[in-house]
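Take a look at the structure set out below.
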Amino acid sequence: LVTGRGRIDEALFEELEETLIQSDINIHTTGRLLKVLREAVQDERMIGSDQVMARLKAELTDILAMGGSADRYALKVGEKSPTVYLIVGVNGVGKTTTIAKLAYNLTQQKKHVILAAGDTFRAAAIDQLEIWSHRVGTELIKHKEGSDPASVVYDAIKAAKARHADYVIADTAGRLHTRLNLMEELKKINRITERELGRPADETLLVLDATTGQNAISQAKEFMKAVPLTGISLSKLDGTARGGIVITIADELKLPIKLIGVGEKQGDLLLFDPVRYVESLFE
Amino acid sequence: SLSDRLQGVFKKLRGKGRVTEADVTEALREVRLALLEADVSLKVVKDFMAKIKDKAIGTDVLEGLSPVQQIVKIVNDELVELLGGENVGLNLAASPPTVIMLCGLQGSGKTTLCGKLAAYFKKQGRNPMMVACDIYRPAAVKQLQVLGTQVKVPVFTLPAESEKSPPTIALEAIQAAKANGNDIVILDTAGRLAIDEELMDELGQMKAWLSRRLDPSFPHEILLVVDAMVGQDAVNFAEQFNNRLGLTGVVMTKMDGDSRGGAALSVRAVTGVPIKFMGVSEKMDGLEPFYPDRLASRILG
Ligand SMILES: Nc1nc2c(ncn2[C@@H]2O[C@H](COP(=O)(O)OP(=O)(O)OP(=O)(O)O)[C@@H](O)[C@H]2O)c(=O)[nH]1
Ligand SMILES: Nc1nc2c(ncn2[C@@H]2O[C@H](COP(=O)(O)OP(=O)(O)OP(=O)(O)O)[C@@H](O)[C@H]2O)c(=O)[nH]1
Ligand SMILES: [Mg+2]
Ligand SMILES: [Mg+2]
């Protein structure tokens with residue numbers, strides 16, 4: 001794409017618009033960014049495309065950094081243990097795998113982690129998390145399939161307190177945000193968590209699949225209404241999709257991206273770095 | 001909706017007398033916007049807009065009584081045609097078994113679809129078998145077995161200790177199906193990235209072994225399973241899967257969400273392969289045939 005110093009002309013803006021749209025950045029966000037760039041070219045009397053690129057990257061990074069320092073992306077630790085993380089999102093985005101990766105990360109730091117098998121609905125969901133808990137070496141709290149997910153999370157928090165565990169990470173079933181009864185179920189899980197913990201979950205992370213298009217905005221909005229989301233985990237960034245919709249989500253909903261998934265193995269989880277992410281959009 | 005937005009465009013142009021080419025070009029910008037918002041891939045949108053432009057600035061629109069209705073009709077008709085015009089069913093073998101191979105990205109809904117297809121065929125009085133070729137994902141085999149119990153369809157598996165590759169599992173499954181009298185064999189495979197050379201080669205090998213070692217007509221169907229919420233990336237992976245395998249059909253899953261589903265148009269446009277089914281729920285009866293006209297109005301919002 002645009003490397004080195006080229007002319008600033010209409011072809012440049014078309015190329016930039018293409019790149020932004022093809023990264024799944026919302027068309028209105030894209031329009032706004034290009035407008036800012038055109039004004040900057042005039043106001044700052046830019047003469048080379050490299051200046052335009054630098055400015056575009058700065059704009060995108062600012063939106064993603066959300067005026068926060070690096071620790072805005074670090075995961076919150078509860079004022080009193082256990083620290084509790086609730087993982088939510090629509091079907092198939094990578095919630096269970098993200099939990100395995102988080103658990104691996106934390107156990108590597110010698111933390112005592114307890115997983116809660118909160119997906120009591122989908123075929124073999126508990127089995128899937130159980131295999132991960134064995135591989136990573138964490139405890140798992142599970143009930144029978146079909147039981148109340150809120151009670152699993154409740155038991156996990158209780159067990160964590162009794163055993164002085166550092167972390168509870170709760171898995172939930174995939175659910176489309178258009179299913180009102182499932183969103184009600186999620187609200188109940190959240191209420192029970194808050195009540196047993198004495199505060200909201202320290203992180204309530206929405207997992208988004210990087211291949212998702214504009215629907216991610218709808219997902220973020222609806223999940224935000226149901227539970228106090230604290231951040232996003234963007235999975236499957238090891239593919240060709242860039243998940244650019246997170247830029248619109250950061251811009252409009254002020255929801256920070258905290259984690260990125262870059263593969264299917266337990267080590268494939270990184271803390272979100274806006275600068276590196278923006279660079280990857282133009283590679 | 002698109003007609004509302006077009007009404008908005010023509011409202012501010014009204015009172016100047018006849019509709020001009022420039023007015024229509026303005027209206028077409030709304031169409032482009034609607035398609036991009038619906039997740040249709042950029043290059044598919046460009047090709048689409050080029051196709052409808054001539055019709056849209058034709059005399060029917062410029063001299064017609066209702067340019068908005070005319071344009072919406074042109075767009076809708078073109079979309080329906082592009083999406084395949086009418087419903088296309090599955091290719092079934094002249095003599096059993098029919099072999100259906102499912103493939104796609106991680107989490108797209110393949111295993112769930114496998115169960116749904118099995119239930120669908122069983123309801124038709126057939127004798128299907130599901131095959132667990134995903135040896136990677138934790139509890140993938142168990143997941144298919146649970147579905148098998150739910151829909152009362154046998155699931156062919158090999159123990160993990162056997163360390164047999166997915167193509168080998170497919171071969172042995174079909175031998176077992178023939179011996180057992182199953183007339184439909186549905187192969188569930190692991191989700192994979194289109195850019196994962198090794199895993200794409202594995203699928204290529206599965207297809208090659210089926211056709212060369214068993215029967216040149218195998219597999220009768222290679223279905224790409226696509227999540228309805230996929231965005232611009234659809235053109236990339238659809239093209240890769242099609243180039244590698246020669247797809248025979250596409251299934252759009254999670255259509256019960258509120259995603260506009262433009263990825264369906266992208267996939268169809270870039271591969272020319274028909275969309276055969278839609279997944280509309282997590283349950284085993286959540287499978288519907290694909291209707292181009294319904295998706296067209298959904299894409300247009
Ligand atoms: N390539 C890649 N695959 C991923 C990533 N994260 C998850 N996956 C894969 O995506 C698929 C779905 O992952 P899950 O963890 O089961 O997703 P989920 O959200 O828990 O799914 P449901 O519980 O069914 O809603 C699996 O095949 C994972 O291996 C990632 O970062 N990269
Ligand atoms: N609402 C809805 N959910 C679906 C549909 N199809 C699948 N799902 C859900 O999507 C999630 C992923 O489905 P799977 O069948 O495990 O996906 P997969 O492609 O086999 O995943 P991998 O094997 O990891 O690649 C599960 O939670 C399913 O219940 C559908 O049509 N509608
Ligand atoms: Mg899960
Ligand atoms: Mg599967």
Exercise. What do the steps show when you test A:E264 against B:Y136 for side chain to side chain contact (heavy atoms under 4.5 Å, CB included), and what is the final call?
Worked result: CA-CA 10 Å; A:E264 300 187 70; B:Y136 308 108; over 6 Å; no

Exercise. More than 12 non-hydrogen atoms from neighbouring residues, nucleotides or ligands closer than 6.0 Å to CZ on A:R276, yes or no?
Worked result: no

Problem set entry | A:R242 portion near chain B, given a 4.5 angstrom heavy-atom threshold | neither

Exercise. Rounded to the nearest 0.5 Å, what separation is found between the NZ atom of A:K236 and the CG atom of B:L193?
Worked result: 9.0 Å

Problem set entry | Contact residues of residues 94-108 of chain A (partner chain B; heavy-atom separation under 4.5 angstrom) | none

Exercise. Where does B:R32 contact chain A at under 4.5 Å (heavy atoms): side chain, backbone, both or neither?
Worked result: side chain

For this session: Drop me the distance from A:I27's CD1 to B:L36's CG, to the nearest 0.5 angstrom.
Result: 5.0 Å

For this session: Name the region of B:D196, side chain, backbone, both or neither, that has any atom closer than 4.5 Å to a heavy atom of chain A.
Result: neither

Seminar exercise, completed: Checked B:A140, B:G262, B:G257 vs chain A; the most non-hydrogen pairs under 4.5 Å come from B:G257

For this session: Would you mind reporting whether B:K142 and A:I131 have side-chain heavy atoms less than 4.5 Å apart?
Result: no

For this session: Tell me, for B:L144 versus chain A, whether the close heavy atoms (under 4.5 Å) come from the side chain, the backbone, both or neither.
Result: neither

Exercise. Which one, B:Q106, B:R137, B:Q232, B:K254, leads in non-hydrogen pairs under 4.5 Å with chain A?
Worked result: B:Q232

Problem set entry | Which atoms of A:D238 approach chain B - backbone, side chain, both or neither, heavy atom under 4.5 Å | both

Problem set entry | Separation of B:D39 CG from A:T211 OG1 (nearest 0.5 Å) | 10.0 Å

For this session: Would you indicate whether A:R179, at its atom CZ, is surrounded by more than 12 heavy atoms from other residues, nucleotides or ligands within a distance under 6.0 Å?
Result: no

Seminar exercise, completed: One should read off an interatomic distance between A:N91 CG and B:T112 OG1, to the nearest 0.5 angstrom, of 8.0 Å

Problem set entry | Choice from B:K43, B:R260, B:E37 maximising heavy atom contacts with chain A below 4.5 Å | B:E37

Exercise. So which part of A:S218 gets closer than 4.5 Å to some heavy atom of chain B, the side chain, the backbone, both or neither?
Worked result: side chain

Problem set entry | A:E17, part contacting chain B, at a heavy-atom distance under 4.5 Å | side chain

Problem set entry | Pick from B:G107, B:P138, B:A139 with the largest number of heavy-atom pairs that fall under 4.5 Å of chain A | B:P138

For this session: Would you mind checking which part of B:K46 comes under 4.5 Å of any heavy atom in chain A, side chain (CB onward), backbone (N, CA, C, O), both or neither?
Result: side chain

For this session: Assess whether atom NZ of A:K187 is packed by more than 12 heavy atoms of other residues, nucleotides or ligands within 6.0 Å.
Result: yes

Exercise. Would B:Q143 and A:D127 satisfy side chain to side chain contact (heavy atoms under 4.5 Å, CB included), going step by step from the backbone distance to the final call?
Worked result: CA-CA 9 Å; B:Q143 185 182 2; A:D127 299 80; over 6 Å; no

Under 3.5 Å, which donor-acceptor pairs link side chains of residues 146-153 of chain B to any protein atom two or more places apart or in another chain?
residue: B:T149; atom: OG1; partner: B:Q145; partner atom: O; Å: 3.0

For this session: Hey, could you give me the NE2/CG distance between A:H177 and B:D258, rounded to the nearest 0.5 Å?
Result: 3.5 Å

Exercise. Could you give the distance from CZ (A:R122) to CD (B:E282), rounded to the nearest 0.5 Å?
Worked result: 9.0 Å

Problem set entry | Other residues, nucleotides, ligands: >12 heavy atoms within 6.0 Å of A:K57 NZ | yes

